Number of protein chains: 4
Amino acid sequence: MKITVIGGDLRQIYAAETLVSAGHSLATACLDGSPQPLPKPILARPLATAALGADCVLLPFPVESGEGKLHAPLTAKPITLAEVFAAIPPQTPVLAGKCGPQVRALADEHRLTLFDYGQREDLQVKNAIPSAEGAIGIAMEALPRTLHGAHALVIGCGRIGKVLARMLVGLGCAVTVSARKAADLAWIVGNGMDAVQTAFVDSCLGSFDVVFNTVPAMVLPGSRLERLRPDCVVIDLASRPGGTDFAAAAELGLNAIHALGLPGKVAPKSAGIAVAETVLAILTEQGLL
Amino acid sequence: MKITVIGGDLRQIYAAETLVSAGHSLATACLDGSPQPLPKPILARPLATAALGADCVLLPFPVESGEGKLHAPLTAKPITLAEVFAAIPPQTPVLAGKCGPQVRALADEHRLTLFDYGQREDLQVKNAIPSAEGAIGIAMEALPRTLHGAHALVIGCGRIGKVLARMLVGLGCAVTVSARKAADLAWIVGNGMDAVQTAFVDSCLGSFDVVFNTVPAMVLPGSRLERLRPDCVVIDLASRPGGTDFAAAAELGLNAIHALGLPGKVAPKSAGIAVAETVLAILTEQGLL
Amino acid sequence: MKITVIGGDLRQIYAAETLVSAGHSLATACLDGSPQPLPKPILARPLATAALGADCVLLPFPVESGEGKLHAPLTAKPITLAEVFAAIPPQTPVLAGKCGPQVRALADEHRLTLFDYGQREDLQVKNAIPSAEGAIGIAMEALPRTLHGAHALVIGCGRIGKVLARMLVGLGCAVTVSARKAADLAWIVGNGMDAVQTAFVDSCLGSFDVVFNTVPAMVLPGSRLERLRPDCVVIDLASRPGGTDFAAAAELGLNAIHALGLPGKVAPKSAGIAVAETVLAILTEQGLL
Amino acid sequence: MKITVIGGDLRQIYAAETLVSAGHSLATACLDGSPQPLPKPILARPLATAALGADCVLLPFPVESGEGKLHAPLTAKPITLAEVFAAIPPQTPVLAGKCGPQVRALADEHRLTLFDYGQREDLQVKNAIPSAEGAIGIAMEALPRTLHGAHALVIGCGRIGKVLARMLVGLGCAVTVSARKAADLAWIVGNGMDAVQTAFVDSCLGSFDVVFNTVPAMVLPGSRLERLRPDCVVIDLASRPGGTDFAAAAELGLNAIHALGLPGKVAPKSAGIAVAETVLAILTEQGLL
């Protein structure tokens with residue numbers, strides 16, 4: 001299959017490599033500034049011609065980076081999504097991550113079939129691993145003590161919360177997970193951690209060395225931050241604006257870190273392989289492969 | 001609250017004990033033959049009067065045991081579900097496990113509000129643990145070798161499959177899990193096990209010391225059993241009729257074990273506590289507590 | 001190499017099989033009543049001629065079973081060690097497990113080079129695994145609750161104590177280990193368990209669902225057993241006479257189990273393979289292979 | 001007890017804090033440039049008078065930092081060990097880490113009783129944890145992929161090797177450990193990792209994403225480094241000069257990192273608490289406390 005990769009960060013380079021290993025022909029555009037040389041069989045082309053003759057086009061995750069621009073940190077010149085979609089022949093299947101209404105509208109306008117691979121559960125499960133590892137790396141650096149033996153709170157028991165909690169246990173951390181649903185609380189206890197109802201988390205906040213938030217809602221307002229020990233580190237993994245009142249944290253002198261986009265930052269290779277695997281799964285399911 | 005427990009096995013004794021510890025008044029019926037003495041504050045009553053004045057009635061899990069009979073192995077005389085429901089005053093909330101259409105019809109007929117606690121996800125998560133431990137105990141006994149270092153296949157990646165697979169890893173087993181969904185396959189790999197598409201399981205069947213099935217469908221027909229090593233042990237946890245062709249297994253001389261109702265058998269105390277916790281969760285959610 | 005196996009239990013059958021797979025010629029004696037048929041290339045011979053021409057002889061672990069008799073439960077007639085040693089040509093290397101002074105004297109008398117493979121650290125490490133698994137199987141059967149979530153005390157932090165404690169953690173048990181040495185206490189805490197000085201164990205005895213003893217000394221006298229909960233199960237793995245006052249336990253109505261020789265009982269295959277591997281390691285180290 | 005802490009890094013500050021919490025009176029010298037304020041009850045004194053009246057003196061780990069100098073990175077002016085020992089009244093017990101012959105000679109000269117707490121097994125076990133965590137943090141940063149799913153080789157199965165290997169397993173790494181002794185190889189397999197004889201490690205070197213060395217001998221000469229994949233990361237934890245031919249690694253373009261003194265760098269608080277605990281254990285054992 002002929003696949004064209006347009007834009008994105010290091011992940012897309014690794015995704016392209018993986019797709020080549022799987023036997024496909026790869027062309028790229030807007031990846032020209034990569035610190036990592038493109039393996040030989042991958043062609044770098046100008047945007048205007050990159051997608052001609054392609055069986056499908058792979059756009060980044062997230063596809064958009066502020067006001068209608070393509071997320072393309074590896075190329076110097078800013079490129080609009082409008083330019084990108086205009087360069088793709090009608091009917092070409094396009095795979096992109098995190099498609100907002102504007103992106104969907106553009107795809108419709110250019111009669112392109114759009115698949116949002118950011119929605120895929122398999123990719124989300126796979127991304128939970130580098131997110132959790134990245135959070136652990138940040139905690140290791142921020143804490144003057146070992147995670148082993150530390151008391152950690154993980155707020156939220158979704159995909160990232162579960163993987164993060166298990167890895168922390170694997171390092172010898174004493175882990176408490178907060179959740180709301182009875183089934184999640186049962187899972188937590190069933191995995192050897194302490195469970196706490198999110199609503200009742202206040203009373204135990206003073207006992208942690210580190211708090212990880214995974215919930216995209218204001219779960220750590222000033223009133224809760226006040227209850228933390230002054231040397232407690234807060235690592236918030238929830239996407240913007242996060243679940244922490246960072247202004248209040250600053251006033252309290254707390255070390256609160258908003259850690260975003262970890263898979264691409266800490267493990268672009270693993271994250272890129274996961275993108276490639278997801279792309280192949282979508283193409284197979286759609287009967288295109 | 002006044003709670004009446006009617007019928008069931010050892011689990012209901014432990015559930016009653018737990019409810020007493022939580023401050024409730026307990027009466028029982030059809031538990032008279034228990035090998036375990038009822039703790040003092042729990043009253044044993046005849047069926048006819050046991051439910052009079054009760055705020056709610058707790059029936060067993062499963063509530064039914066063949067042709068309209070109450071599951072009540074601890075009492076000598078068989079009791080019909082019709083008798084049981086007739087003895088409960090109208091409007092009383094009734095909690096029962098695994099309610100079939102006949103049970104629902106009876107409840108309607110006697111104007112009783114029926115809650116099927118067997119459906120509850122929290123109870124299912126909690127029951128997955130004794131089910132998995134029971135399966136491990138059976139495997140330990142059936143195999144001439146340690147589980148540590150053994151190659152195990154777990155068919156199915158639902159609640160029991162996940163817990164069982166993790167515990168096997170905890171014992172040092174080399175675990176392969178078969179699943180169909182991409183997200184499950186990602187979970188398996190993400191938890192350090194080998195993943196195999198259920199459809200492609202045939203090719204690797206010859207490499208296992210033990211196979212656990214958790215899928216309630218014919219996943220181990222004769223054609224697959226033939227591929228197992230002659231000393232491989234099959235432990236099927238799926239409810240009747242199970243997922244194994246037991247007749248074919250017998251012909252092949254394979255040791256295939258249908259392990260049913262493990263929580264009540266191997267860990268009635270843990271299973272009973274889980275029933276009590278689920279009952280309290282339901283009553284709280286319904287505003288009855 | 002020509003190896004003759006004389007006496008022993010199922011382990012020696014599996015050891016012989018493993019040695020055959022490694023390319024050696026095997027003859028046996030005093031294994032005639034095995035429930036398991038000997039694989040074809042293994043010859044069953046009468047004791048008198050079994051060792052003629054052998055490059056080495058493998059005796060059981062333990063070699064002795066009461067008053068100078070060979071440990072040979074798979075043959076009907078009792079055989080003395082004197083008979084066995086008389087049947088082995090002088091100078092033949094003999095490998096045996098747990099050689100007491102009488103066995104050593106007999107070997108000297110018949111000018112045989114004796115290697116006690118029961119002393120080997122590698123075998124002891126390998127036997128720790130089936131011992132720990134066996135103990136877990138016994139606990140699963142004896143407890144009305146799951147090991148998951150149970151509170152367990154492991155007395156002693158030697159090979160078996162360490163492996164057992166880790167497996168219990170793998171099953172979701174809350175594990176406390178008692179030890180005397182500072183380095184062991186550090187190991188325990190470093191592995192995420194609770195550590196207690198053996199001398200100070202009294203104060204916490206009332207909190208356990210199950211107690212495992214691995215120390216071959218009277219560590220559980222009546223005065224300590226009294227402090228256990230009446231439903232606590234005691235599993236003693238220390239070789240005779242064990243570390244528990246079993247008479248006191250019986251008086252207190254406690255369920256105290258003396259579990260001996262677990263590797264041979266619960267996992268003869270794994271234990272037999274370990275014997276074969278140790279035999280090969282000894283022969284290699286001695287330059288005989 | 002009156003304890004005087006002279007020199008050292010952040011660990012000694014945390015050790016002093018811990019000793020204060022345990023009820024002792026603390027004075028310090030040569031810690032004046034600490035980024036971390038000394039808690040109030042700890043007195044900062046000039047070197048000349050710091051040890052007067054002290055019941056014991058705590059020197060750093062390592063005590064020496066190049067040509068007879070005290071390891072004292074938190075003070076501006078270099079101080080010689082001769083100055084330090086001259087300032088301690090005769091007969092005072094002195095605890096120091098890693099005492100070479102020169103340090104021992106100085107102690108004798110000033111009639112001081114010297115205890116080398118760096119030799120203590122309990123401290124070494126405790127330091128293995130921050131060393132392992134530190135190595136993991138370095139690997140996370142150096143690798144473009146997750147440790148989860150990565151193939152790691154740990155050379156050496158001593159304290160650090162064991163802890164590091166287990167933590168890597170806890171993060172989902174596929175771990176191979178190389179060792180020489182049969183008992184260590186049995187331990188490795190018994191803990192669910194792959195074992196390889198150190199002598200035979202060459203054949204599998206090409207399969208790793210990361211190699212950790214813990215052996216203080218030239219185990220990674222150029223001839224072995226050549227066999228690694230070009231993107232393999234080498235992290236050497238062995239004390240100077242390490243076990244890697246770093247010059248050869250540089251020529252090959254390999255990323256080889258010599259990671260030294262990790263406990264003090266990545267987890268000064270945990271390492272400092274461990275120092276304090278060891279000090280208290282020594283004083284208790286010596287009957288001084």
Side-chain angles (χ1 to χ4, degrees), chain C residues 115 117-133 157-167 169-170 177 179-193 195 197 199-200 263 267 270-271 273-286 289, chain D residues 115 117-133 157-167 169-170 177 179-193 195 197 199-200 263 267 270-271 273-286 289:
Chain C
F115 299 96
Y117 62 85
Q119 305 276 15
R120 295 275 302 194
E121 208 189 339
D122 47 349
L123 183 61
Q124 289 175 4
V125 170
K126 285 173 185 171
N127 270 340
I129 295 168
S131 294
E133 261 195 31
C157 192
R159 270 183 216 96
I160 296 183
K162 283 196 174 95
V163 172
L164 175 56
R166 292 216 62 104
M167 284 188 174
V169 167
V177 184
R180 284 178 307 171
K181 289 193 287 178
D184 282 340
L185 295 167
W187 182 92
I188 296 163
V189 174
N191 278 273
M193 304 149 190
Q197 275 277 4
F200 301 148
S270 303
I273 293 172
V275 165
E277 290 172 349
T278 307
V279 164
L280 294 175
I282 292 172
L283 296 177
T284 306
E285 288 170 20
Q286 297 296 330
L289 198 70
Chain D
F115 299 96
Y117 61 86
Q119 305 276 15
R120 294 274 304 192
E121 207 190 340
D122 47 349
L123 182 61
Q124 289 175 5
V125 170
K126 285 173 185 170
N127 270 342
I129 295 167
S131 294
E133 261 195 32
C157 191
R159 271 182 215 96
I160 296 182
K162 282 196 175 95
V163 172
L164 175 57
R166 291 216 63 105
M167 284 188 174
V169 167
V177 184
R180 284 178 306 170
K181 288 193 286 178
D184 283 341
L185 295 167
W187 182 92
I188 296 163
V189 174
N191 278 272
M193 304 149 188
Q197 275 277 4
F200 301 149
S270 304
I273 293 172
V275 165
E277 290 171 349
T278 306
V279 164
L280 294 175
I282 292 172
L283 296 176
T284 306
E285 287 171 20
Q286 297 296 329
L289 199 70

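Hydrogens, waters and symmetry mates are skipped; everything else that's a heavy atom, side chains included, is used. Every chain is numbered from 1, with letters handed out A, B, ... down the list of sequences. No experiment lies behind these values; they were computed from the predicted model shown.
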**Q** I'd like to check D:Asn191 versus C:Arg166 (side-chain heavy atoms, cut-off strictly below 4.5 Å). Are they in contact?
**A**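 D:Asn191 vs C:Arg166: side chains touch.
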**Q** Identify which part of D:Asp184 has an atom lying under 4.5 Å from any heavy atom of chain C, answering side chain, backbone, both or neither.
**A**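 Contact with chain C is absent: no heavy atom of D:Asp184 under 4.5 Å.
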**Q** Once rounded to the nearest 0.5 Å, what's the spacing between atom CZ of D:Arg159 and atom CH2 of C:Trp187?
**A**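 D:Arg159 CZ to C:Trp187 CH2: 14.0 Å, rounded to 0.5 Å.
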**Q** NZ/D:Lys181 to CD/C:Glu121 distance, rounded to the nearest 0.5 angstrom?
**A**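 The NZ atom of D:Lys181 sits 6.5 Å away from the CD atom of C:Glu121.
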**Q** Identify the two heavy atoms, one from C:Asp122 and one from D:Ala182, that lie closest to each other, and give their separation to 0.1 Å.
**A**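 Nearest pair, atom of C:Asp122 first, then D:Ala182: OD2-CB, 3.4 Å.
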